[in-house]
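One structure below.
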Amino acid sequence: MISNDMALGLLFVSQTGFGALGNSFLLGLYIITFFIGPKLRPIDLLLTHLAFVNELVLLLKGIPQTMAIFGLTNFLDDVGCKLLFYFHRVARDLSLCTTCLLSGFQAITLSPTTSQWVKLKARAPKYLFPFCLLCWTFHLLANWVILAYFKSPKRSNNITESHDYIYCVATFPVSFYIALYVFISALPEFFCVGIMMGTSAYMIFILYKHHQRVQYIHGNSLTPKGSPESRATHTILLLVIMFVSFYSINSLLGLYIHYGKYSSWLIHISAFLAACFPACSSFVLMVSDSYIHKYYLGFWEKIMR
């Protein structure tokens, strides 16, 4: 019979492997299309960025977590622990930020041309790259505290305030300033989740009104094919729902681990939930985004010539 650790390790290997493969495929397809294929949409910049940061999240969490499950818990020194958790946290926050930008940009794109947002709709594509740079700068600076408090388990002295992450240890002293930092650092996450929920509700409302108008014009007997904007909106909505669901469940589990009963299995479950969105998002895009099929066919035609 397969042991629990072996089964859990195989689960992490499958999640990391398939997720990394899907994100790598999207990254390669977008890069190749940029050089030899049809013109990319403005939103493809955000999708490329999302695939890249999701790839980082999977590799920086899935590989060490899998090694720890198979008993290799002391393979990192202090510098390795600091850098690993620092860049994983930055990539995780960037995944949140990029998904928020996706929902906001698609809401602007979907808004009626007669609305007061018509000027913003024309300028929005120009703001995507600066906003991505702003997200990188902010999260690289905001997560500096990880470099100060994470270390290898070899150096752990079993301090009461330490939190064991199996292959690394975080020691946070009981301090008002640390609590204040945790509270302030959580505000952008709640803000982004709030924006995603608000823009999602707005897009659902716009799609509902559009569906009513189409039914009124064509009658109930005709079911017209959705426009590219509508299909793209459904894809973004699905991504947002996935992210908010996994993020909420993992956040609640993280609070329970921090303030409740510690268990190595809960640490593994939390890591698995945190990697579910990065692992699944690429396949959602490949299945539901018709433009990806178009890019792939264009790339295949170039090869066959």
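- Among residues two or more places apart in sequence or in another chain, the side-chain contact (heavy atoms from CB on, under 4.5 Å) test is passed with F138 by A142, P188.
- Of the inter-residue distances, the one linking S251 atom OG with L273 atom CG reads 10.5 Å to the nearest 0.5 angstrom.
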**Candidate pair M242 and V284, rule side-chain contact (heavy atoms from CB on, under 4.5 Å), full reasoning** = CA-CA 10 Å; M242 285 176 53; V284 170; 3.6 Å; yes
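- Taking the six-membered ring where the residue is Trp, F12 and F272 present perpendicular rings, their angle passing 60° and hence far from 30°.
- L84 is not connected to L58 by any chain of hydrophobic side-chain contacts under 4.5 Å among Ile, Leu, Val, Met, Phe, Trp and Tyr, and they are in different clusters.
- Between the CG atom of L253 and the OG atom of S248 there is a distance of 12.5 Å, given to the nearest 0.5 Å.
- Two residues are said to be in side-chain contact when any heavy atoms from C-beta on lie closer than 4.5 Å; L46 and T99 fail this criterion.
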**Request:** Could you check I146 against F87 for side-chain contact (heavy atoms from CB on, under 4.5 Å), going step by step and ending with a plain yes or no?
**Result:** CA-CA 10 Å; I146 292 177; F87 284 111; over 6 Å; no
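- Taking F277 as the reference, F243 meet the ring pair (Phe, Tyr, Trp, His ring centres under 6.0 Å) condition, with sequence neighbours excluded.
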**Request:** Report the C-alpha distance between T48 and L26 in whole Å, list the side-chain angles of each, state the deciding distance to 0.1 Å, and finish with yes or no for side-chain contact (heavy atoms from CB on, under 4.5 Å).
**Result:** CA-CA 7 Å; T48 304; L26 281 184; over 6 Å; no
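- Contacts classified as disulfide bond (SG atoms under 2.5 Å apart) and involving residues 12-96 (residues at least two apart or in different chains) are given here: C81-C168.
- The closest donor-acceptor contact from the side chain of K121 to the backbone of S111 lies under 3.5 Å.
- Without hydrogens or angle criteria, H293 side chain to S288 main chain gives no donor-acceptor distance under 3.5 Å.
- In this view, H268 and Q65 satisfy the side chain to side chain donor-acceptor pair (under 3.5 Å) rule, not counting sequence neighbours.
- In this structure the side chain of I236 reaches within 4.5 angstrom of the side chain of I43, judged on heavy atoms.
- Remark: the backbone N or O of S95 is not paired with any side-chain donor or acceptor of T98 at under 3.5 angstrom.
- Under a 4.5 Å side-chain heavy-atom cut-off, the cluster of Ile, Leu, Val, Met, Phe, Trp and Tyr residues that includes F191 is completed by I195.
- Listed by first and then second residue, the salt bridge (Lys or Arg N to Asp or Glu O under 4.0 Å) pairs involving residues 189-198 are R89-E189, R92-E189 (not counting sequence neighbours).
- When all heavy atoms of A271 and K61 are compared, the pair lying nearest together is CB-CE, 3.9 Å.
- Crowding of F131 atom CZ: a count of heavy atoms from other residues, nucleotides or ligands under 6.0 Å not exceeding 12.
- One finds the CD atom of Q15 at 8.5 Å from the OG1 atom of T66 (value rounded to the nearest 0.5 Å).
- Side-chain contact check for V287 versus I292: every heavy-atom pair is 4.5 Å or farther apart.
- Closest approach of P125 to F105, counting heavy atoms only: N-CE1, 3.9 Å.
- C100 has its SG atom at least 2.5 Å from the SG atom of C192.
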**Request:** Could you walk me through whether C135 and L101 pass the side-chain contact (heavy atoms from CB on, under 4.5 Å) test, one step at a time?
**Result:** CA-CA 10 Å; C135 288; L101 287 175; 4.2 Å; yes
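- In this structure the side chain of I249 never reaches within 4.5 angstrom of the side chain of L252, judged on heavy atoms.
- Residues M67 and V57 do not share a hydrophobic cluster, defined by chaining ILVMFWY side chains whose heavy atoms lie under 4.5 Å apart.
- Legend: residues meeting side-chain contact (heavy atoms from CB on, under 4.5 Å) with V79, ordered by chain and number and at least two apart, are D77, L83.
- Separating the CD1 atom in I108 from the CG atom in L120 is a distance of 4.0 Å, to the nearest 0.5 Å.
- No more than 12 heavy-atom neighbours from other residues, nucleotides or ligands sit within 6.0 angstrom of CZ on F52.
- Cluster membership for L285 and L297, using ILVMFWY side-chain heavy atoms within less than 4.5 angstrom, is not shared.
- Heavy-atom minimum distance, S103 versus M203: O-CE, 3.9 Å.
- Pairs engaging residues 267-292 under the salt bridge (Lys or Arg N to Asp or Glu O under 4.0 Å) rule: R41-D289 [sequence neighbours left out].
- L29 is listed as a side-chain neighbour of F25, based on a closest heavy-atom distance under 4.5 Å.
- Every residue two or more places apart in sequence or in another chain was checked for a side chain to side chain donor-acceptor pair (under 3.5 Å) with S200, and none qualifies.
- Sorted by first and then second residue, the pairs that involve residues 270-279 and meet side chain to side chain donor-acceptor pair (under 3.5 Å), not counting sequence neighbours, are N250-S270.
- Rounded to the nearest 0.5 angstrom, L50 CG and L27 CG are separated by 9.5 Å.
- No donor-acceptor distance shorter than 3.5 angstrom exists from the side chain of Y295 to the backbone of L40, with no hydrogens or angles considered.
- A parallel orientation is assigned to the rings of F150 and F85, their planes being inclined by less than 30° (bins at 30° and 60°).
- Considering only heavy atoms from C-beta on, M6 comes within 4.5 Å of F70 through its side chain.
- In this structure the side chain of Q106 never reaches within 4.5 angstrom of the side chain of L237, judged on heavy atoms.
- Legend: residues meeting side chain to side chain donor-acceptor pair (under 3.5 Å) with N23, ordered by chain and number and at least two apart, are absent.
- Note that CG of L239 is 10.5 Å distant from CE of M196, once rounded to the nearest 0.5 Å.
- L133 and L47 fall within the same hydrophobic cluster, defined by Ile, Leu, Val, Met, Phe, Trp and Tyr side-chain heavy atoms under 4.5 Å apart, directly or through other members.
- Remark: Y86 OH is packed, more than 12 non-hydrogen atoms of other residues, nucleotides or ligands lying under 6.0 Å away.
- Every pair tested for disulfide bond (SG atoms under 2.5 Å apart) that includes a residue from residues 5-64 fails, sequence neighbours excluded, so the list is empty.
- For the pair V53/V90, no side-chain contact is recorded, criterion being any heavy-atom separation below 4.5 Å from C-beta on.
- Note on F129: it clusters hydrophobically with F34, by side-chain heavy-atom contacts below 4.5 Å among ILVMFWY residues.
- For F18, the CZ atom counts as loosely surrounded, since its 6.0 Å shell holds 12 or fewer non-hydrogen atoms of other residues, nucleotides or ligands.
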